[in-house]
Amino acid sequence: MQVAVVAIVGRPSSGKSTLLNTICGEPVSIVSKVPQTTRNSIRGILSRKDAEGELVGQIIFIDTPGLHLSEKKLNLKLRETSLKALEDADSILYLIDATRPAGAEEEAIQAILAPYKAAGKVVTAINKIDRLKNSEAVDKAKMVPGTFSGTFFEGVTLFSISALKNEGVAALVDYLFSIAPEGEALYPDDMYTDQNIPFRIAEVIRGEAVQRLHEELPHSIYVEVADTELKANTLWVRAFIMCERESQKGMIVGKGGLLIKTIRIAAEKKLNQIFDWKVSLDLRVKTAPNWRQKDRVLNKFV
Ligand SMILES: Nc1nc2c(ncn2[C@@H]2O[C@H](COP(=O)(O)OP(=O)(O)OP(=O)(O)O)[C@@H](O)[C@H]2O)c(=O)[nH]1
Ligand SMILES: [Mg+2]
């Protein structure tokens, strides 16, 4: 059967996590309009069966942190994670945001991808075509300033998609299967992600928090699941939203505890959809001063 590991790379907010979720049909990776939401290599597994229900192919998609030009310690760590995913992949799906001019960040990514392109491993998709004004998606996307200025796209297979509206995605996935090498399935056919339960819970909480926080706060938090306990059909979870400064705590808790309550209820709702158990969260805010500078935290949680 056809089996491949496909790394999804691109600038922050190009829609990598959205695409992973659309392909897998499950909320595997958290999505937000805040750039640099994804902080880990997140695996989503797509198993393909024939009419008889026999497994005939499997693609393991790796969602990666958006490649961003910054020398900050957290960014360097995120970049390291993305570059490692490239090395381990059979194919690389390079996602371009059709709604934004290209610029230096896109050029830097194309430089990173050049050797993989030379090895025939890069497949490119222009995303967010639903935001373009007419359906001439590829031609329109060619007008995205700077995107096609260099020689990078000569000989590169190009797709246009909307990850959000699930347009063009099936053809892209068919193509990725068609170039996948022969191999044995790496995961059982009913498994769509390999994330462990505490990590998944922490990510869902972070996703709900990031959506409701502003400016630097989404980047200033991480979530730590301290304890889980399954009692009857309820999974009790004690988790902390960790922020950098005492002054941030109040902003996350909100007036009269309203914001943290909203985050908790939204996270519980999502978790109840993901898991078979009812999830009950005890969610608090703590400080971990300057955690973004600390290797111990970055290695454990990012
Ligand atoms: N209109 C439109 N919006 C999209 C599409 N795909 C993603 N988005 C939006 O773009 C924003 C970023 O999406 P993500 O999937 O989180 O992007 P990402 O590339 O994973 O971002 P990072 O993890 O930060 O690198 C979200 O607001 C998505 O809803 C699309 O096809 N069309
Ligand atoms: Mg992401």
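Indexing begins at 1, ligand by ligand and atom by atom, following the structure's order.
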Using a strict cut-off of less than 4.0 Å between a Lys/Arg side-chain nitrogen and an Asp/Glu carboxylate oxygen, indicate whether [X] and [Y] qualify as a salt bridge.
X    : Y    : result
E268 : R264 : yes
R11  : D97  : no
E203 : R200 : no
R284 : D282 : yes

Could you check [atom] against the protein and tell me its nearest heavy-atom contact, residue, atom and distance included?
atom                    : answer
atom 1 (N) of ligand 1  : D130 OD2, 2.9 Å
atom 8 (N) of ligand 1  : K128 CE, 3.7 Å
atom 17 (O) of ligand 1 : G15 N, 3.2 Å
atom 15 (O) of ligand 1 : T18 OG1, 2.5 Å

Is any protein N, O or S atom closer than 2.8 Å to the Mg ion (ligand 2), and if so, which?
S17 OG, T38 OG1

Considering only heavy atoms, does [X] approach ligand 1 within less than 4.0 Å through its side chain, its backbone, both, or neither?
X    : result
T38  : both
S29  : neither
N127 : side chain
S17  : both
R131 : side chain

Number the atoms of ligand 1 from 1 as they appear, then name those within less than 4.0 Å of a heavy atom of [X], with their elements.
X   : result
P35 : 24 (O)
G66 : 25 (O)
K33 : 27 (O)
K16 : 15 (O), 17 (O), 18 (P), 19 (O), 20 (O), 21 (O), 22 (P), 25 (O)

For the residue pair [X] and [Y], confirm or rule out a side-chain donor-acceptor distance under 3.5 Å.
X    : Y    : value
S41  : T81  : no
N166 : T22  : no
S32  : Q211 : no
N299 : K77  : yes
N75  : S70  : yes
E244 : Y222 : no
D63  : S17  : yes
H68  : E105 : yes

What residue among D295, V297, N290 forms side-chain contact (heavy atoms from CB on, under 4.5 Å) with Q293?
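Among D295, V297, N290, the one meeting side-chain contact (heavy atoms from CB on, under 4.5 Å) with Q293 is N290.
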
Nearest non-hydrogen contact with [atom] belongs to which option: [options]?
atom                    : options               : result
atom 21 (O) of ligand 1 : S162, S13, G10        : S13
atom 30 (C) of ligand 1 : V169, L164, N21, L95  : L164
atom 26 (C) of ligand 1 : P218, G207, S32, G168 : S32

Output yes when the distance from some N or O of ligand 1 to some N or O of [X] is under 3.5 Å, and no in every other case.
X   : answer
P65 : no
Q36 : yes
P12 : no

Can you see whether F240 has K286 sitting over its ring - NZ or CZ less than 6.0 Å from the centre and within 45° of the normal?
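Positive - K286 is close enough to the ring of F240 and near enough to its axis.
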
Any side-chain heavy atom of V56 within less than 4.5 Å of one from K49?
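No - every pair of side-chain heavy atoms lies 4.5 Å or more apart.
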
